[in-house]
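These notes concern the structure reproduced below.
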Amino acid sequence: MEFSINSGSPEKQRTACVVVGVFESRKLSAAAETINRAAHGYLANLMRRGDMEGKAGSTLLLQKLPGVAADRVLLVGLGKEREFRENEYRAAVATAVRTLNQIGGFDGTLFLTELPMKKRDAAWRVRQAALVAEETLYRFDRMKSKKDDVRRPLRKLAFCVARRSELAAAEHGLAEGRAIAASMTFMKDLANLPGNVCTPAYLAEQARTLAKELDLKAEVLGRAEMEKLGMHTLLAVAQGSHQPPQLIVLQYRGGKKDEKPVVLVGKGVTFDTGGISLKPPADMDEMKFDMSGAASVLATLKAAALMKLPLNLVAIVPAVENMPGGNATRPGDIVTSMSGQTVEILNTDAEGRLILCDALTYAERFDPACVIDVATLTGACVIALGHVVSGLLANDDGLARELLDAGNASWDRAWQLPLLDDYQEQLKSNFADLANIGGRAAGTITAAAFLSRFAKKYDWAHLDIAGTAYRSGKEKGSTGRPVPLLTHFLLARAATKKAK
Ligand code: BES
Ligand code: MN
Ligand code: ZN
């Protein structure tokens with residue numbers, strides 16, 4: 001989609017369709033009021049008659065209004081003005097974009113981006129509008145032989161701001177929105193692919209392609225190299241599969257030469273059957289999304305490169321398939337991690353932490369400013385937090401605060417859980433240094449407690465995205481989260497650097 005910024009007045013727009021909002025109880029937004037005046041009270045009349053009540057999600061398409069240059073005016077209901085916040089704004093933009101796409105107008109001009117909102121400036125509103133527009137029109141149909149094409153799909157969308165003084169900020173927000181949207185689409189395409197296509201080798205290939213496109217550095221370690229490094233917890237997960245494991249390392253260098261990098265580690269289980277601790281069959285297909293963490297960190301490097309952020313970044317992706325089989329790891333097997341700590345694998349379905357712990361040790365060689373791992377790690381996180389926020393745990397409160405703030409700023413929110421030493425008790429093993437499961441209680445925390453044992457040498461945070469990375473049911477598919485959160489975290493780091 002082609003986006004642009006505009007500060008013109010609504011009645012003068014030469015476009016297929018102008019979109020303005022109306023609140024409940026006949027309250028016109030400022031742009032709707034301007035149209036109303038140009039059209040001699042047309043909208044006010046219509047609302048008085050009850051043809052449009054302004055209920056959230058409602059729309060009314062008007063043709064050839066007197067005094068209005070555009071062919072059509074689309075009214076979008078915004079609900080009660082007092083209750084109009086971020087979610088309502090995003091829903092209104094989605095409704096507008098969906099409708100514009102259906103009516104076959106090719107281009108549209110959105111005045112919803114003018115709507116005032118507490119603490120959200122024009123840059124925020126435009127950035128979000130670009131993300132929501134891209135999200136609304138996203139389809140994953142590359143594996144369908146017949147695509148359900150729209151006759152004249154929406155191709156061009158202009159976002160309006162009320163004042164000329166807001167133009168620069170809006171352009172800025174739009175540039176970021178474009179980069180984040182493109183990266184979320186990249187993540188979704190990867191995560192939506194089935195496990196027979198998106199294998200560890202496929203993920204490695206994608207990283208190499210990204211490197212070529214964006215002038216990054218890609219490196220991929222195979223089984224033999226990982227054996228030499230002593231990554232036996234990672235290899236233990238991969239050994240039941242015919243797909244060879246890959247350790248993908250992608251680097252972006254936008255900062256000074258000697259500056260410490262932010263290291264992002266993404267769980268790349270391309271399919272998680274559970275291994276010998278086999279999962280039940282219901283919904284097992286969704287375990288193709290178990291590489292969402294991997295896709296999100298690759299996508300975040302893409303976004304950073306597109307925005308040319310003045311930072312050094314490393315993405316590390318341990319990529320494996322978790323399968324049962326004659327050579328698979330048995331419950332009770334004990335292996336030595338790259339850190340030297342021995343792990344008793346009591347449940348082969350707790351595989352994410354086994355590949356991440358070796359990746360966290362590998363991260364040490366980059367002398368990181370901080371390390372953030374991203375993983376669809378625990379079903380317990382879905383029980384605790386649902387599909388609204390990602391779980392966040394960290395060994396440094398400053399880093400946790402930065403990530404929580406980034407989540408708020410990008411409306412891709414996270415919630416912190418306590419990572420207290422007391423939880424280590426649950427990971428004790430009779431036979432090894434630690435066990436890979438900690439019982440039913442506090443499953444998300446004990447998973448992070450396990451990882452923390454391998455993240456002692458740097459500031460570290462962990463995002464559990466089991467509930468937020470994808471949707472189930474009729475709308476099944478990747479959400480592109482937490483690319484907005486991670487990108488905002490980097491944007492904020494880049495901004496404080498400039499201020500210094
Ligand atoms: N990939 C799963 C976690 C998961 C479950 C993500 C459901 C999304 C939806 C992970 O590898 C896993 O199987 N975790 C186990 C851990 C348990 C054995 C300690 C779980 O959550 O059941
Ligand atoms: Mn598992
Ligand atoms: Zn898993």
Side-chain angles (χ1 to χ4, degrees), residues 191-192 195 198 200 203 233-234 236-241 243 245 265-296 317-324 328-333 343-357 359 373-391 393 417 423 426-429 434-451 462-473 476-479 481-482:
N192 286 333
C198 184
L203 278 181
T233 50
L234 188 162
V237 178
Q239 75 190 33
S241 170
Q243 301 295 333
V265 177
K267 173 179 174 182
V269 176
T270 58
F271 197 83
D272 181 12
T273 64
I276 296 299
S277 314
L278 193 62
K279 286 184 179 294
D283 299 328
M284 205 208 273
D285 65 290
E286 295 184 354
M287 284 301 117
K288 71 173 183 177
F289 295 119
D290 215 19
M291 36 57 72
S292 296
S296 76
V317 169
V320 299
E321 184 179 55
N322 188 22
M323 282 283 183
T329 294
R330 292 154 286 260
D333 282 3
V343 178
E344 186 183 17
I345 303 176
L346 287 171
N347 189 321
T348 63
D349 197 13
E351 85 297 342
R353 61 198 79 179
L354 297 175
I355 64 170
L356 290 171
C357 70
D373 80 73
V374 188
T376 45
L377 204 62
T378 62
C381 191
V382 190
I383 303 301
L385 302 173
H387 307 285
V388 177
V389 295
S390 301
L393 298 105
L417 299 174
Y423 291 99
Q426 287 173 245
L427 294 172
K428 286 206 166 133
S429 157
L434 71 168
N436 80 325
I437 52 171
R440 270 172 57 79
T444 301
I445 302 178
T446 53
F450 179 95
L451 294 177
H462 160 66
L463 283 166
D464 194 329
I465 57 167
T468 52
Y470 64 93
R471 273 185 281 269
S472 312
K476 191 185 288 184
S478 172
T479 58
R481 292 176 69 180

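Count residues from 1 along the sequence. Read the numbers this way: they start at 1 and go in the same order the structure lists the ligands and their atoms. Worth saying up front: this structure is predicted, and the values here are computed from it rather than measured.
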Check: N436 side chain, N347 main-chain N or O, donor-acceptor pair, under 3.5 Å | yes
Polar side chain donor-acceptor pair, S390 to T468, under 3.5 angstrom | yes
Does T348 offer a backbone N or O that forms a donor-acceptor pair with the side chain of S277 under 3.5 Å?
-> yes
Quick one: pull up NZ in K476 and CG in N192 and give me the separation to the nearest 0.5 Å.
-> 10.5 Å
Looking at the Zn ion (ligand 3), is one of the N, O or S atoms of D272 less than 2.8 Å from it?
-> yes
At the Zn ion (ligand 3), OE2 of E351 and OD2 of D290 open up to roughly (10° bins) 100°
Any luck finding a side-chain donor-acceptor pair between T376 and D290 under 3.5 Å?
-> yes
Distance, nearest 0.5 Å, that separates CD1 of I437 from CG of D349 | 10.0 Å
Counting N and O atoms only, with roles assigned by atom type, does the side chain of N322 sit under 3.5 Å from a partner on the main chain of T273, one being a donor and the other an acceptor?
-> no
Flag, side chain of T329 to backbone of A236, donor-acceptor distance under 3.5 Å | yes
Salt-bridge present (D373, K267; N to O < 4.0 Å) | no
Neighbouring protein N, O or S atoms of the Mn ion (ligand 2), below 2.8 Å | 4
Indicate whether the side chain of T270 and that of Q243 have a donor and an acceptor atom separated by less than 3.5 Å.
-> no
Could you name the protein residues that come within less than 4.0 Å of ligand 1, counting only heavy atoms, and order them by chain and residue number?
-> K267, D272, K279, M287, D290, N347, D349, E351, R353, T376, L377, T378, G379, I437, A466, Y470
Under 2.8 Å: N/O/S of K267 next to the Zn ion (ligand 3) | yes
R481 side-chain N/O to I465 backbone N/O, donor-acceptor pair under 3.5 Å = no
